[in-house]
Amino acid sequence: MRPLSRRTCLTGLTGGLALSIFRPVAATASSSLSFDEFYSSFSPLGLEFSDKIKTLTGEPVAIKGFMAPPLKAEAQFFVLTQIPMALCPFCSTDADWPENILVVYLGRKQTFTRPNQLIEARGMLERGSWTDPDTGFVSQLRLREARYDLA
Amino acid sequence: MRTLLGALAASSMLTGAVSAAEIYPIDRATILAGSPFDFKVELDGVHGEADIAISVNGKPYAETFGKSADYVAEEKDKEGATLGSALILRDLALAEPGTYEIEVKAGEDSKTVTWEVYGTEAAPKAKNVIFIVGDGLSVAHRTAARIMSKGMSGGKANGRLAMDDLDHMAFIGTSSTHSIATDSANTMSAYMTGHKSRVNALGVYADRTPDSQDDPKVETLAEALRRTTTKSVGIVTNSEVEDATPAAIVAHTRLRGDKADIVGMMLEVQPEVILGGGSAYFLKSDVPGSKRKDDQDYVAAFREAGYALATNREELNTAAGTNSGKILGLFHTGNMDTWLDRNQLKKGSVEKFPDQPGLVEMTEVALGELSKNPEGFFLMIEGANIDKMAHPLDWDRSVTETIELDQVAALAREFAAKNPDTMVVVTGDHTHGVSVIGTIDDEKPGNDMREKVGVYDDAGFPNYADENGDGFPDTIDVSKRLAIFSSNFPDYYETWRPKMDGPFEPALKTEDGSYVANEAYKDVPGAVLRVGNLPKDADTGVHSVDDIVLQASGPGAEGFKGYMEQSDVYKVLADAFALGAAQNRDTAQK
């Protein structure tokens, strides 16, 4: 079932990002969040965000996960997943993102890490459909002004 | 690269050599009489329209084709570089069967291709066709499923698979237009159009321009049925319904990854029954779980088109009881879970989507609905997870998926027994490099799992049990199990055991783009690192180029025999339904 070609649709990944409307989070205490806490229900007709996600929207949070394979060595945006991604959804036309992903916009550039290295990301939780202007990547849940450390 | 090729072409023209052109449909294409297709000529050089001469069987092409092609002075690549001139004639149909030689000349560009346009008998042989595709269904999958499901003693199987007793058989070659290798898109596309294509492509010849949806189209079986009959069409799969295999019945795109657009193509053709996963591409982009990038609500669009909607097993049964005539069942946002996870292990995403129907239940509903049409039907059922679990070398899941598919084959044979005007076909779309080589016996002494592999006389028989008589082993994790290995793999840890905690993920990607063994399996007792024999950018096992087996019964099935290309399979289906009959050609001419 797997095709051989590489997808090259997301080449604009390193482009400049809009300035965040959020304040820096460094001095603020973060609430911890886990991937299992994203949704309160699953249905083919859509998922429902949990009360915890709704409460923490706009607040600083910390979450542990894995960095999905980025397209470029340096960028300000990556996708955080619950388990290491075996496939690169950017690369393979039949690979798809799991539904519980978190898009992470870094406050400043950081060097990317190995996809199977557990990291903890901290940033302001943003909710709602948003299309990245450079890549066209649509996300429902994001961290803004984020940074990460090895967990 | 393009620039380099362009420069080479230019220099070869300067030296007076004849440069190549491309014609679609390609040389040796087989085309159903009356079936619409797009004709395209791609020239390497830039030529004025008047300088391009095309003949068909020695006469100016417009005499035979009935109309002229549109001229494109310069086609461009992604960077805007000129590729050459082109001529495109959409929706051409050739009513008369026979050999057509197309010759193109423009300056130093020239090319000649020959097409075979075939008719069919005037009267259909079959009223219904049930086309069962085990994605990736290899011989080893069938052998393992037979042993695991039925058992074996004295060297004889203690039972037979339902697919074992279909009357006619063929070996199918699955290669694509640009490669000996294949994927589900181009093989299923060849089954469903009669035209070979390129890896990733559905219902088109892959042309040189970057747009994935402007490529020369060919007619799909569903479109041919709509054009010439009033039969119903059904699609059942446990993958996303817009994934390559089900998509091939309706779609036209160079890229199987155009899933959001493929949902729209499915709405255009409106198969009466569509059951599977993949709802994420039906939802507006602002719905959590959606994978669309626009605000189109295809659940609403299908409802408006008269479909009864089902999102779990219970709703499917309710929808089956309605008289809507059309059922859309979407049971998962992505691919549906495997039989093993749904019924025994409760792993994968079963916790999130606990009430997914199985392939057999979906097939029962589809047959019930489609058989209401007195004119008959075409139903495609795909066992998608045979392949989706063979890629990550998860043999236990892949084989139990094969058993489930065989129960679909049993159901189809039961239907055909009561409705003898039904043809049943069971095949795969490509193979995997998988083989059964013996058994693995935990009772053998020592900790070195390799020494527990039994081959030849030492293999004996495995100890799977089916006390509840459902056709599946009561547990997959038995002490003496089948030894199944792949001929090809990335770096991975071989654990010699079923993956009870969820589907196997053999390798993970590193920051430099290469795949390394997933260390999550490193500490499984007895696990050993196997260094891959595939390039390091291979994430999992790959499709093999080996032929696949097709078996079929019922009226028209005698057309399957010997070695056939996968594009030849369409001819047998078209003949069974008489899609190229004279009355249909007349319809196409209007």
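Quick note on labels: first sequence line is chain A, next is B, and so on, each numbered from 1. Given the structure is predicted, the values throughout are model-derived calculations rather than measurements.
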- Task: Identify which part of Leu141(A) has an atom lying under 4.5 Å from any heavy atom of chain B, answering side chain, backbone, both or neither.
- Result: neither
- Item | Heavy atoms of other groups near Lys54(A) NZ, more than 12 under 6.0 Å | yes
- Query: Just wondering, more than 12 heavy atoms not from Glu351(B) lying within 6.0 Å of its CD?
  - Reply: no
- Under 6.0 Å from the CD atom of Glu314(B), do we count more than 12 heavy atoms belonging to anything else shown? no
- Against chain B, work out which of Asn100(A), Thr131(A), Leu45(A) has the most heavy-atom pairs shorter than 4.5 Å and name it. Leu45(A)
- Assert top hit (heavy-atom pairs under 4.5 Å, partner chain A, pool Asn186(B), Leu283(B), Leu330(B), Thr333(B)) equals Leu283(B)
- Query: Considering all heavy atoms of both residues, which atom of Gln140(A) and which atom of Val287(B) are nearest to each other, and what is their separation?
  - Reply: NE2-O, 3.8 Å
- Minimum heavy-atom distance Pro44(A)-Ser279(B), with the two atoms named: O-OG, 2.6 Å
- Message: Check this for me: Leu150(A), atom CG, are more than 12 non-hydrogen atoms of other residues, nucleotides or ligands nearer than 6.0 Å?
- Response: yes
- Message: What part of Phe353(B) gets within 4.5 angstrom of chain A, counting heavy atoms only: side chain, backbone, both, or neither?
- Response: side chain
- Message: Can you tell me if Lys536(B) has over 12 outside heavy atoms packed within less than 6.0 Å of its NZ?
- Response: no
- Query: Taking Glu48(A) for the side chain and Pro288(B) for the main chain, is one N or O donor matched with an acceptor at less than 3.5 Å?
  - Reply: no
- Assert top hit (heavy-atom pairs under 4.5 Å, partner chain A, pool Ser285(B), Ala390(B), Gly289(B), Ala520(B)) equals Ser285(B)
- Query: Is Lys64(A) atom NZ crowded by more than 12 heavy atoms from other residues, nucleotides or ligands, each under 6.0 Å away?
  - Reply: no
- Interchain contact, Phe49(A) with chain B, by part (heavy-atom threshold 4.5 Å): side chain
- Query: Does any heavy atom of chain A fall under 4.5 Å from the side chain of Lys284(B), the backbone, both, or neither of them?
  - Reply: neither
